Amino acid sequence: MAAAALNGLPETKYGSSTTHVISPTTNGRPNGNATTTEANSERVQIINDEKQFTTELTPQIQRWGLQNAGFDYNIVAVFGSQSTGKSTLLNRLFGTNFDVMDETKRQQTTKGIWMCRAKGMNVMVMDVEGTDGRERGEDQDFERKSALFSLASSEVLIINLWEHQVGLYQGANMGLLKTVFEVNLGLFGKKSADGRNQRTLLLFVIRDHIGTTPLANLQTTLTQDMQKIWDSLSKPPELKDRQLSDYFDLSFSALPHKILAADKFETETKELRQRFADKSRDDYVFKPAYHKRIPADGVAFYMEGIWEQVQTNKDLDLPTQQELLAQFRCDEISAVALNEFNEQAKSQKRPIELGKVVEGLGSMMRNWRTGALTRYDTAASRYHQGVYKRKRTDLIAVLDSTLSPYFLGQLKNLHKSWLATFKKEMLEGMRGDSYDFAEVVAHARERCEKRFLEGAKEALVEDTDWSYEEEFSLLKEEIKSVADQCRKDETKKMVNVIERNVKRQIAEPLELALNKPSPEMWNKVLKAFRETLDKAESSYLTKAKSFNCTEEENDKALAIVRKRAWLALRSKIDEQTADIAFLGKLRTFFEERFRYDEQGVPRVWKPDDDIDGAFKKAKDETLELIPLYSKISPTDKSLEFTLPSDSGDSLATADSDELDFPSTLIIFSETKAIDLANRFRKDADAYYVEAKRSTVSSVAQIPLWMYGVLVVLGWNEAMAVLFNPLYFAMLLVMGATAWIIVTLGLVGPVFQVAKTVANEIQRQLYNILRDQFSQPALAEPVRTRPLRDTQENDHIKEEMRIKREPF
């Protein structure tokens, strides 16, 4: 009755309490018969018991007439245990129409969080579901989140509690307040944009106060409890020095028993209402410092954002006793199952680390995993299902993370094993001369990829996100790389064989052509080279068909064959045109024209022969050969050979520089040609001098009459020798010795020995005479060369003199 009189609204009975009837509405707006007062008394459930935030708060604020209030509004909320009269208190203080409890049943009335506008004030009042209700039991999740939401969004938080609860920890919700304060400090403890802390008034309303304990003593106890709670908070490092007074102001009020002292209760309630309504009072609760500075039209969005932060905060998800027991037991059961699993898996760890492929590894891993989960499910499924399933998920994650290295190791070992097998099969398949390279590669690749996939699929464990595709792709890439390398090696080997064949086949035609110089010389050389090169290219294309090469690769290989063939030809030409060899060719050519006649008969020069003319003609014809050899220049232009300048050898040639083909056509530079001509002239001059000497020796002959004079003058001496036995014997011995020396061709060595002996005698006599006529005291020691060195030097000098003398 008192409540009805206070609110000035029709009343009806809800149990033994009074509640207010909400007038009918049309499309969320009051109908034509509803008064403004009735519209203002409408309430809305902003958060239901399923923790969902309403979408009707903004329209409801508009119906309350607060849409354009700006900052001229306040928000108050109530917090406390279930069935402590929170809704009744709000209805008395603010004229709201929240449902109140049927005292005959003592059951939960408010579910979720409701909001209503206060009568006669721009105040939005939140009625929060009570804590410690039997309906939710041990599930305190909504209690913590609703308490934090109320604390963060309201300016004044009314904490409703019985007098006998003061001094209790759980009864006064101190544990819940500690959790809420701690999370609130972390989420909303930082300073706002204007540099001030967000402050809130905590108004403790002590119900059923009988006066035995003075309010001041109750106030002291509650203040000390709040300070202890604040000191025990786990604060962020940047807020560790903050005090309770930095964020909260504490205020206290006491109300007598609602039934036993009903009149006094109503009087005290009206007095308390004035603290919310009369702004002139010193104890007015809605001070500017508590306002959140959110315009009224943004309150709905502001509260929804706070609720989202509260919902996603994991610090509020504290377990119940049943969940704690389930966590403890599930952890124990999981640990036992995991230990047995680890013991089973340990046996195969070492072989996999050593690079071995373990046969049947997938089957073993599946058995280990299934066994561990079966042991866990058997013992843990009896406990809290949420914890059981969460811990089972954690156990599966641990099992899979333990088995994953085994799976990856098996894949790597399969990769290495079958890649090595592929290489081995490639080498075995390429033995001999008759094999199809493409067929060998395809067969080896197909077999290795198939075996790898079989092993990889066997190692997979169901219900995991493992995949072997990446390792399989790497294997295929490496197989392709090995096959390409083998193909390159075989191609290089084939090109090397072709190069050797070209060198061998071109050597004889080249030598024959260059040893018979003529204007058609280079035609013969290039013709033989083209025939040899055509055979080499045909041989390559015949063998390259089995390599499955592309046209581009064949073109590149043929370019390499041409380049190497040309370099081989050029190398042979360099051998034939080296300085010594080329000068030998010039001397031979010169001798054939100077020392032999047209019929090839050696010439015996006579004084009346034209030596100068023959010499000049032979020398001029020989010098004409140097320009012919200086450049590869065929007279038949169809035989000219060209090579692209960018035909680089990708098969690792010795010289990786780009080939300058035009420069390879030059055999002798101009400077080199002049030098060779000068050197040849010196050799030709020697032949000319030799020819001149031969004519002089033929002219200087002894006259015939001189022989008669010798016979007449030496007749007596000859007769004395012939008729003297001793002289005659000596003459026979000397004649026989001379005959033997001449017959054996020892004339030259005998003269050489005689000369050497004479030289040695002369040297010894020279040394003796020098020693006799020298001054020993003043003279420096004479260093004589060893006999062996002197003899060797004299011998060398004599040989050089003999070589210079013409026969």
Side-chain angles (χ1 to χ4, degrees), residues 326-426 443-480 482:
Q327 289 179 7
F328 177 75
R329 287 294 297 136
C330 289
D331 286 340
E332 283 188 336
I333 298 168
S334 177
V336 172
L338 191 59
N339 287 335
E340 295 181 8
F341 168 81
N342 289 332
E343 288 297 325
Q344 293 173 334
K346 189 185 299 181
S347 61
Q348 301 302 328
K349 182 178 182 180
R350 187 63 177 170
I352 292 177
E353 291 178 347
L354 293 176
K356 297 180 180 178
V357 176
V358 179
E359 297 294 335
L361 177 66
S363 177
M364 288 188 285
M365 291 194 297
R366 287 188 287 272
N367 291 337
W368 302 337
R369 187 175 185 269
T370 302
L373 291 178
T374 301
R375 285 187 289 273
Y376 173 82
D377 292 340
T378 302
S381 60
R382 300 188 298 269
Y383 293 93
H384 189 280
Q385 289 300 301
V387 177
Y388 155 72
K389 292 178 181 178
R390 187 171 66 252
K391 295 295 182 180
R392 190 179 192 275
T393 302
D394 295 341
L395 176 60
I396 291 175
V398 174
L399 296 177
D400 292 346
S401 64
T402 304
L403 293 178
S404 179
Y406 288 72
F407 173 72
L408 296 177
Q410 182 81 336
L411 289 184
K412 292 185 180 299
N413 297 340
L414 286 170
H415 182 150
K416 294 178 182 178
S417 174
W418 289 113
L419 184 61
T421 302
F422 176 79
K423 295 178 181 178
K424 182 179 179 181
E425 291 184 357
M426 285 288 297
H443 177 73
R445 177 191 289 118
E446 180 181 2
R447 182 170 180 272
C448 292
E449 290 181 357
K450 179 180 179 182
R451 294 297 179 86
F452 175 85
L453 287 176
E454 290 176 354
K457 290 178 180 178
E458 193 280 332
L460 273 178
V461 176
E462 294 79 3
D463 301 327
T464 61
D465 58 351
W466 300 347
S467 173
Y468 54 81
E469 294 299 332
E470 183 177 356
E471 195 71 29
F472 184 53
S473 298
L474 292 176
L475 176 62
K476 290 195 292 186
E477 289 179 2
E478 292 195 22
I479 286 177
K480 183 179 181 300
V482 170

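Everything numeric in this text was worked out from a predicted model, so none of it was measured. Each residue takes its place number in the sequence, starting with 1.
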Residues Q410, F407; criterion side chain to side chain contact (heavy atoms under 4.5 Å, CB included); working and verdict: CA-CA 5 Å; Q410 182 81 336; F407 173 72; 5.7 Å; no

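Under the salt bridge (Lys or Arg N to Asp or Glu O under 4.0 Å) criterion, R445 pairs with no residue at all, not counting sequence neighbours. With sequence neighbours left out, the salt bridge (Lys or Arg N to Asp or Glu O under 4.0 Å) criterion links E469 to no other residue. A search for side-chain contact (heavy atoms from CB on, under 4.5 Å) contacts involving Q385 returns Y388, K389, not counting sequence neighbours. Listed by chain and number, the residues in a side chain to side chain donor-acceptor pair (under 3.5 Å) with E449 amount to none (sequence neighbours excluded). Remark: T378 engages T374 in a side-chain contact (heavy atoms from CB on, under 4.5 Å) (not counting sequence neighbours). Take R382 and apply the side-chain contact (heavy atoms from CB on, under 4.5 Å) test, not counting sequence neighbours, and it matches no residue. Contacts of R447 classified as side chain to side chain donor-acceptor pair (under 3.5 Å), with partners at least two apart in sequence or in another chain: E425.
Side-chain atoms of T370 never come within 3.5 Å of backbone atoms of N367 as a donor-acceptor pair (strictly under, hydrogens ignored). Put simply, the side chain of Y406 never gets that close to the backbone of L361: no donor and acceptor are under 3.5 Å apart.
Here the closest heavy-atom approach between residue I479 and residue C448 is recorded as CD1-CB, 4.3 Å. A pairwise comparison of heavy atoms in C330 and V387 identifies SG-CG1, 4.4 Å as the closest pair.
The salt bridge (Lys or Arg N to Asp or Glu O under 4.0 Å) contacts involving residues 400-414 comprise R369-D400, where partners must be two or more places apart or lie in separate chains. Within the structure, the side-chain hydrogen bond (donor to acceptor under 3.5 Å, both in side chains) test picks out no pair touching residues 350-359 (sequence neighbours left out).
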Please tabulate, for side-chain N and O atoms in residues 331-338, each donor-acceptor pair with protein atoms closer than 3.5 Å (sequence neighbours left out).
| residue | atom | partner | partner atom | Å |
| --- | --- | --- | --- | --- |
| D331 | OD1 | K391 | NZ | 3.1 |
| E332 | OE1 | R329 | NH1 | 2.5 |

Show me the side-chain donor-acceptor pairs of residues 450-459 shorter than 3.5 Å, one per line, residues at least two apart or across chains.
| residue | atom | partner | partner atom | Å |
| --- | --- | --- | --- | --- |
| E458 | OE1 | G362 | N | 3.1 |
| E458 | OE2 | G362 | N | 3.3 |
| E458 | OE2 | S363 | N | 3.1 |

Residues 414-424 side chain polar contacts: donor-acceptor under 3.5 Å, at least two apart:
| residue | atom | partner | partner atom | Å |
| --- | --- | --- | --- | --- |
| H415 | ND1 | E471 | OE2 | 2.8 |
| H415 | NE2 | E478 | OE1 | 3.4 |
| H415 | NE2 | E478 | OE2 | 3.3 |
| T421 | OG1 | S417 | O | 2.9 |

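Taking the side chain as every heavy atom from C-beta outward, L373 and L399 approach each other to under 4.5 Å. The closest side-chain heavy-atom distance from W466 to L403 is below 4.5 Å.
From R390, atom CZ reaches atom CD of Q327 across 5.5 Å, with rounding to the nearest 0.5 Å. Atom CD1 in I396 sits 9.0 Å away from atom OH in Y376 (nearest 0.5 Å).
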